[in-house]
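Notes follow once the structure below has been shown.
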Amino acid sequence: MTTLRRSFHGTPLWIYAWFVLDALLVLTPPLHWAVTGDTTVLGIPAAVFYFVAVALVVCASLVAAYLAEVSAGSFEP
Amino acid sequence: MIITFGALAVFFLSIVVILMLSWIRDRTFSDYAVGGRSFDARFQAMSFLNTYFPGAVITAFGGMAASVGALSFYFVTYTMLTVVLMYLMAKPVWVWGKAFDLRTQSDLLALRFGSRHIRPISAVLGIVTGLPWLIMGMLSLGFLFQHLSLQSLSFENAVIVGVVVIAFRQIWTVWMGMRGVVISDMAQGLVAYVGGSAILVGMIAWMVTAKGITFASLDPKMLSIPGLGSAEGPLFVFSLLLTGTIGGWCWPAIFVRLYTADGVRSLKKSAALAVPLALVFATALLVFGMLGSQILGVAEKPDEVIFIVSLEAGGLWLLALAGVVVMAASMGNIDGHIQATGAQLANDLVGTYWTLDHRQLIVVAKGGMVVLTLFSAWLATLDLPALFAIAILAYQGVIQLAVPQFLGLFWKRGNAVGAIAGMSVGFALVIVLEYFYPMSLPWAYGLTSGLIALAANLAIYVAAAYLIPQTDEERQRVDGLFARIEDVSPAAAEAPPPPDAAATRLPA
C-alpha cells in the first residue's frame, strides 16, 4: 500500500494532500499579487478567473473526498 | 404592488403551511435545540446554505461587486474553503455531539476543555458579535420592501414593515425550534439558491444580449484587486480570505448545524452537495453585480442592484421574484440566528449555573428568542449609523473563537486557561486596535485587527498548553475523548441518539 492510499479517520491521505493544496492556492499572497491589474484570461478579468478557478478546485476536492470515502467503505457498518 | 406583495404573501404562506404540516412535538431540549439529530444530507446542505447566505449577502456582496468589482469574488473562494473546514470537523464534532448530547458550540468547548466557565464566555462572545448581523439582516429587508412598494414607502417605513414581517415569522421559529428552522430552510433554500441562481443567470444573459454589457464594458479599475503597492496593503486579500475561511464556522448559528445531521456521512455528503450549488449561486451573484453596475441607477445605489436590474429586465413580475429570493434567504438566516441564540441563552448562560429540566430549558429558550426578536427588531428601527462598522468589527471578534475550536478538535494539548485567556485577550485586542485604527491598520501590511489578535490568541493558547502541566486525570480524560473519534465504528456514528440524551450529558 502506498502512502497516499492510506487513510486517516477513514479519509484517504491523498484527499488531505488535496485539501492542503486547496489552502495553498487560496491563501498564498504571491498568487493574489500575480492577478492584480486589468489583464484578462479567456476574456475574464484575471482576478475573477483566479478566484473562480481556485474555488472550482476546492469544490472538486470536496466532492472527490466524499466519493473517495464512499468507495473506500468508510461509512459502511 | 399587488403583484410584488402578492408574490411575497404567497411565498410566506407556503412556508407557514409547510411548517404547520411538519410539526412534531419536541420531547427533549435536544429535540428543540438540534432537531433530534435527525436530518439527512439534503436538509443539511440546504440548511447550511440558508444560514450562510442571508439576504444581506445578496444585497451587500451584490453591491460590492457592483461598486468594487473583481475583489468581491474572494467571497466565492473563501466560501469553498470554509466547507473544507466543515468536512474536517464533521467527525469529531458530530461524534462528541451525539455521545455527550451537545447542543451548542459552547457545549463543545466546555466538553473539550473540561470547563463550565468557558461555556458562558464563548456564548457571550458569539451572541454579542452576532447581534449586529442580525440587525443588518433585518435592515436589508428595508431595501426589499421599499422596492416592492415601488418606492411608495420611505426607507425608514420599509424597514419597519420588513422588521414586523420577519418578527411575525419568528412565531414559528420560537414554536418549532431547530426542526422548524431546518425544514423551512429546505423550502427557502430551494427558492433562494436554485431559483435565485436561475434568475441571476437569466438577468446576466439579458444584460449581455439585450444591453451588450460584458466585462470589457467595465471600468478597468473594477477588474483589479489590491496587491503589492496598493493602499490597502499587500496582505489585504490574504486577510479577507483567511478571516472569511475560519470565520464561517465560528458563528454559533452556523456551527450548530453540525449537530442536526443524522450522522457523519450525512454531514460529509452535505458538504459535497452544498458546494456546487454555492459555487454557482455566488459566482452568478457576483458576475450579475459587476455587469449590473452598468445599468442606470446602480452606481448610485449598488446595494440595490438586484432590485434595480430585475425591474428593468423583467418588470414587476421579475422584481417580485427577486424580492421572494431575497426574502427566502433572509428568513433562513434570521430564524437560524434567533433559534441558535435562544438555545445558547438557555443552555450556555442560564443552564450553566441553574439546573433546569428539558421543559424548563425549552421555556427559557423560547422566552430568550422572543426577547431577542423584539430587541433586535427595535434596534433595527433606530438610526444606527455605525452599524456596518460594528458588523465588520464583530467578524474580527468572532474569529477569536477559532483557536480553541479548531485546535481543541485536532490537538490533544491545550487547556481551559489558555482557551479562555486567548479568546478574551484576542477579543479585547480587536476592540483596542479598532478603536485606535478604525477599519485598517496602516503598519500591518493589510492584515486586519482580527488576524493580529488571532496571532496573540494563538500564542497564549500554545504557551498555556506547554507551560501549564496537564494532570494525569486531565490527560486521560482528553485521551478518552479523542479515542471516541479514532475508535468509533461507522455503525455507532450513524445510530440514532438515545431516547433521553440527558443521561449521557457532559459533566458540568
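Being a predicted model, the structure only gives us computed values, none of them experimental.
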Taking the six-membered ring for Trp, are [X] and [Y] closer than 6.0 Å centroid to centroid?
X	Y	result
A:W33	B:F238	no
B:F482	B:W411	no
B:F406	B:F410	no

A:F51 backbone acceptor or donor facing B:T77 side chain under 3.5 Å: yes
Whether B:Q294 side chain and B:K211 backbone form a donor-acceptor pair below 3.5 Å: no
Of the backbone (N, CA, C, O) and the side chain (C-beta and beyond), which part of [X] lies under 4.5 Å from a heavy atom of chain A, both, or neither?
X	answer
B:P226	backbone
B:F215	side chain
B:L273	neither
B:M222	neither
B:L242	both

Which atom of B:A271 lies closest to which atom of B:Y87, heavy atoms considered: CB-CD1, 4.0 Å
Chi angles and distances behind the side chain to side chain contact (heavy atoms under 4.5 Å, CB included) call for A:H32, B:F236: CA-CA 10 Å; A:H32 310 151; B:F236 180 67; over 6 Å; no
Tell me which of these, [options], has more heavy-atom pairs under 4.5 Å with chain A than the rest.
options	value
B:V83, B:L228, B:L279	B:L228
B:S230, B:S72, B:A272	B:A272
B:V287, B:V275, B:L71	B:V275
B:A216, B:P234, B:G227	B:P234

Heavy-atom proximity to chain B below 4.5 Å, by part of A:V70: side chain
Proximal component of A:A65, with respect to chain B [non-hydrogen, under 4.5 Å]: both
The single option from B:V76, B:L286, B:I58 passing side chain to side chain contact (heavy atoms under 4.5 Å, CB included) against B:F281: B:I58
Only pairs of heavy atoms separated by less than 4.5 Å count here; which of [options] has the most with chain B?
options	result
A:V63, A:V26, A:V54	A:V26
A:A47, A:G37, A:P30	A:G37
A:V52, A:L67, A:V35	A:V52

Residue pair B:V403, B:L454: steps toward the side chain to side chain contact (heavy atoms under 4.5 Å, CB included) verdict: CA-CA 8 Å; B:V403 171; B:L454 198 69; 3.8 Å; yes
